[in-house]
Amino acid sequence: MKSHSADGKHKREKENGFASPPRIKMETEDNGFHHSPKHEKSVKRQYDDGEAEFKPKKVKVEVEKKAKKRKHEDYYEDEEEEEDVKPKKKTKDKKQETAGGKKKVKKEPEEKWKWWEEERATDGSKWRFLEHKGPVFAPPYEPLPGHVRFYYDGKPFKLATAAEEVATFFAKMLDHEYTTKDVFRKNFFKDWKKEMTSEEKAKLTDLNKCDFNEMNEYFKAQSEARKQMTKDEKLKIKLENERILEEYGFCVMDNHRERIGNFRIEPPGLFRGRGNHPKMGMLKRRIRPQDVIINCSKDSKHPKPPHGSKWKDVRFDNKVTWLASWTENIQGSIKYIMLNPSSRIKGEKDWQKYETARRLKSCVERLRTQYREDWKSKEMRIRQRAVALYFIDKLALRAGNEKEDGETADTVGCCSLRVEHIKVYAELDGQEYVVEFDFLGKDSIRYYNKIPVEKRVFKNLQLFLENKQPEDDLFDRLNTSILNKHLQELMDGLTAKVFRTYNASITLQQQLKELTCADDNDPAKILSYNRANRAVALLCNHQRAPPKTFEKTMQNLQTKIDEKKKQLSSTKKEFKAAKADAKSLHDDKSRKAVETKKKAVQRIEEQLMKLEVQATDREENKQIALGTSKLNYLDPRISVAWCKKYNIPLEKVYNKTQREKFAWAIDMAEDDFEF
DNA sequence: TTTGTGACTTAGTATAGGGTAA
DNA sequence: TTACCCTATACTAAGTCACAAA
């Protein structure tokens, strides 16, 4: 492929050259050149450094030069490529008109922007030009029709709009287990009261006397009606959604039209934390324009707030990647509108992440030697640090920041493990020095594991546990900040989470090597791939609730398999009979019949084996989620290389979205890529 | 040194919608 | 053509980590 495929050549660079940002205001230099409405067709930029070494640290001036150089080209390519998905915009500004003037040939091979072949900014700026239309707000509340009533203590009770809206949030969730939980109900009722008029407040004093059933039925009927809509009605909605996507779903960042990840503001509703969340049921309030901060370039066409409203603020900060933000009322944290994973800004970062992990690969043995040594340290803090690091490395645990208690579910990671989360056994089931982990991690997913550890680790753990209560910290002299500072000293850019990325990717690579048989057919190879992926998901503890229809699905599959088996045996019989015929008749026709039957047997055998593979795959996947590791931990170049090596269509491994996200890897990885 | 904040990545689940079997 | 099933996508919560402020 590319002579300048990046693999292995960039190891030493500071990944994407974003050194820590000297605070330079840039907007003024920016000066609008990005708008340039020229429409010379994108003659793909030729690189002076065609021989490919990606020069990591160009000085800023050079970056600018390049930017200027391509300013007329790129934006319009994107216009072309979007085209088969979206209806072309008719009106709009000058650039679009000029662009629209070009003849579009639909089936023309698309030319995608290869940002990974371009220089990256080194001054800490994330973009030079940013224009967008702002977020889409949740639709206003539509009061219930008169016949849908809320009852209190068995009698209809008319709620004012504010309280009614919040009541509908609860009504919609009635079938959910959440609404039976004490904490949820308590939080809900408290927040609901805040929305009530004084009369309502006086009257409605007991949630148990509130009857939301009629409302619940109404919403169910509505969703049923939506399903029953005619094709035409559905199409109308679809087109409207496409129109909104077209208008609000994209921005222009540095000459390129890029897809926004989440352009809709989160609608109001009841907060549903995960696990045992102390704030479940609280009211997530409606976000209005005056809550929203817009970020764009000064010289762009600023987004207009909805009629009669104002933004909270409009800023021009190109040191960040977000387009809009607001503060959410449950935890007081900030929510952002950002770009899609297929965008340059996300892709660059992703690529960088894997390059950091690959750098860890080249020094991980040194670090392991070091932490082993540290197990013997005289200092408690160093021993703790070393044991924690061992867990992070060996078990791919998360760092484990401290959390404010009472504010969130009680979950932990490595540094925040408590005494109650581990048990140590000098001997267990015939193994020496076993540690048993049992704790809730991110998203309150349980981590349970029993592993034998080295004797020194074991002795250290015993020491850490001495004289402590169950609720005490296991590593009382350690936190993520201390750990990461240490890691930073060991390798530039190293943090705890790099180990997860590294171990996940290296595991995939090893497993693929181990499991793939060149002689297998495609389905078997793909099963091997999925198994390799599964090994990683297991390592990272990526779980999912078994799909509700799991049992049924498996049953259906089994039925199919049984039928296929029957079909196979009868076809085999026919094959035998045909052979017998041919033997006695010796004519062409019967010989042909033998061939036909033979092929039929083969075909059915193949189908059967496909089904069986599918069943195995599914069964093994029951409680394991592959998506998370595939999307966030596995260097996509490993998968691309594997597909190339074994001639497996990439679509078998990555769906469309994933291929878009990993376009950089697909373009640059050859079959010999080594992580 | 500790605490808080902001930006960004990672996470599981709900649901829309497209394909397929009946 | 409809019902069903499954996948892709949308959604948003919950982490990590750097840096600033106290």
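Sequence lines set the chain letters: A, B, ... in the order given, protein chains first and strands last, and positions in each chain run from 1. The model shown is predicted, which means the values in this text are computed figures rather than measured ones.
Residue-level contact check: K284(A) touches the backbone only, with heavy atoms under 4.0 Å from sugar-phosphate atoms and none from bases. Residue E328(A) is out of contact with every strand shown, counting any heavy-atom pair closer than 4.0 Å. Contacts of K238(A) with the nucleic acid, taken as non-hydrogen atoms under 4.0 Å apart, involve only primed sugar atoms and P, OP1 or OP2. Within the nucleic acid shown, T411(A) comes within 4.0 Å of sugar-phosphate atoms alone, with no base atom in reach, counting heavy atoms only. Counting any heavy atom pair closer than 4.0 Å across all strands shown, K497(A) reaches sugar-phosphate atoms only and no base atom. As judged by a 4.0 angstrom heavy-atom cut-off over every strand, T321(A) is placed among residues touching the sugar-phosphate backbone only. In this structure, R618(A) reaches the sugar-phosphate backbone alone: every heavy-atom distance under 4.0 Å involves primed, P, OP1 or OP2 atoms, never a base. Backbone-only contact: P267(A) has heavy atoms under 4.0 Å from sugar-phosphate atoms and none from a base. Within 4.0 Å (heavy atoms only), T480(A) reaches no atom of the nucleic acid at all.
By the 6.0 Å and 45° rule, R257(A) stacks over the aromatic ring of F250(A). Remark: R120(A) qualifies as a cation-pi partner of W351(A) under the 6.0 Å distance and 45° angle criteria applied to the six-membered ring. Judged by a 6.0 Å distance limit and a 45° cone about the ring axis, K279(A) is not positioned over the six-membered ring of F271(A).
Summarising the geometry, the separation between CZ on R544(A) and C1' on dT7(C) is reported as 11 Å, rounded to the nearest angstrom. When the C1' atom of dC17(C) is taken as reference, atom CZ of F499(A) falls 15 Å away, rounded to whole Å. The CG atom of L239(A) sits 14 Å away from the C1' atom of dG17(B) (whole-angstrom rounding). Nucleotide dA10(C) holds its P atom 22 Å from the OH atom of Y336(A), rounded to whole Å. Per the geometry, CG belonging to L487(A) stands 12 Å off C1' belonging to dC17(C), to the nearest Å. Distance, M338(A) CE to dT9(B) P: 7 Å, rounded to whole Å. At whole-Å resolution of the value, CD in E660(A) and P in dA10(C) are 10 Å apart. In this structure, D443(A) atom CG and dT10(B) atom C1' are separated by 9 Å, rounded to whole Å.
Applying the side-chain contact (heavy atoms from CB on, under 4.5 Å) test between L389(A) and each of L478(A), L487(A), L367(A) identifies L487(A) as the sole match.
Ranking dG18(B), dG12(B), dC17(C) by closeness to the A496(A) side chain, first place goes to dC17(C). Nearest to the side chain of A545(A), among dC8(B), dT13(B), dG17(B), sits dT13(B). Looking at the side chain of T495(A), the nearest of the listed nucleotides dA11(B), dA7(B), dC17(C) is dC17(C). Taking only side-chain atoms of K403(A), from C-beta outward, the nucleotide of dT10(B), dG15(C), dT12(C) with the closest atom is dG15(C).
Look at K335(A) and you'll find a side-chain N or O under 4.0 angstrom from OP1 or OP2 of dA13(C). For the OP1/OP2 pair of dA14(C) and a distance below 4.0 Å, the side-chain nitrogens and oxygens of S444(A) include no atom meeting the criterion. Contact check, T553(A) against dC5(C): no side-chain N or O comes under 4.0 Å of OP1 or OP2. Dashed line: the shortest gap from a side-chain N or O of N401(A) to OP1 or OP2 of dT16(C) is under 4.0 Å. Between K346(A) and dT9(B) there is a side-chain N or O to OP1 or OP2 distance below 4.0 Å. Within the 4.0 Å cut-off from OP1 or OP2 of dA11(B), at least one side-chain nitrogen or oxygen of H542(A) is found. For dA11(B), one of the phosphate oxygens OP1 or OP2 lies less than 4.0 angstrom from a side-chain nitrogen or oxygen of R398(A). For dA18(C), the OP1/OP2 oxygens have no side-chain nitrogen or oxygen of K485(A) closer than 4.0 Å. At dG18(B), none of the side-chain N or O atoms of K234(A) fall inside 4.0 Å of OP1 or OP2 (strictly under the cut-off).
Taking the six-membered ring for Trp and thresholds of 30 and 60 degrees, W322(A) and Y336(A) have ring planes inclined between 30 and 60 degrees apart.
Contact annotation: side chain of K442(A) to base of dT10(B), donor-acceptor pair present below 3.5 Å.
At distances below 3.5 Å, not a single donor-acceptor pair connects side-chain atoms of R544(A) with backbone N or O atoms of A625(A).
Heavy-atom nearest nucleotides on DNA chain C were determined for F271(A) and for V498(A), and the one closer to the 5' end corresponds to F271(A). Checking K661(A) against G332(A), the closest nucleotide of DNA chain B that is more toward the 5' end is the one next to G332(A). Map N484(A) and R274(A) each onto its nearest nucleotide of DNA chain C; the residue landing nearer the 5' end is R274(A). The nearest heavy atom of DNA chain B to N541(A) and to R315(A) marks one nucleotide each, and the one closer to the 5' end goes with R315(A).
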Practice task
I would like to know whether E328(A) and I334(A) meet side-chain contact (heavy atoms from CB on, under 4.5 Å); could you show each step before the answer?
Solution key: CA-CA 6 Å; E328(A) 150 268 355; I334(A) 307 171; over 6 Å; no
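For F662(A) and Y654(A), the gap between ring centers is short of 6.0 Å.
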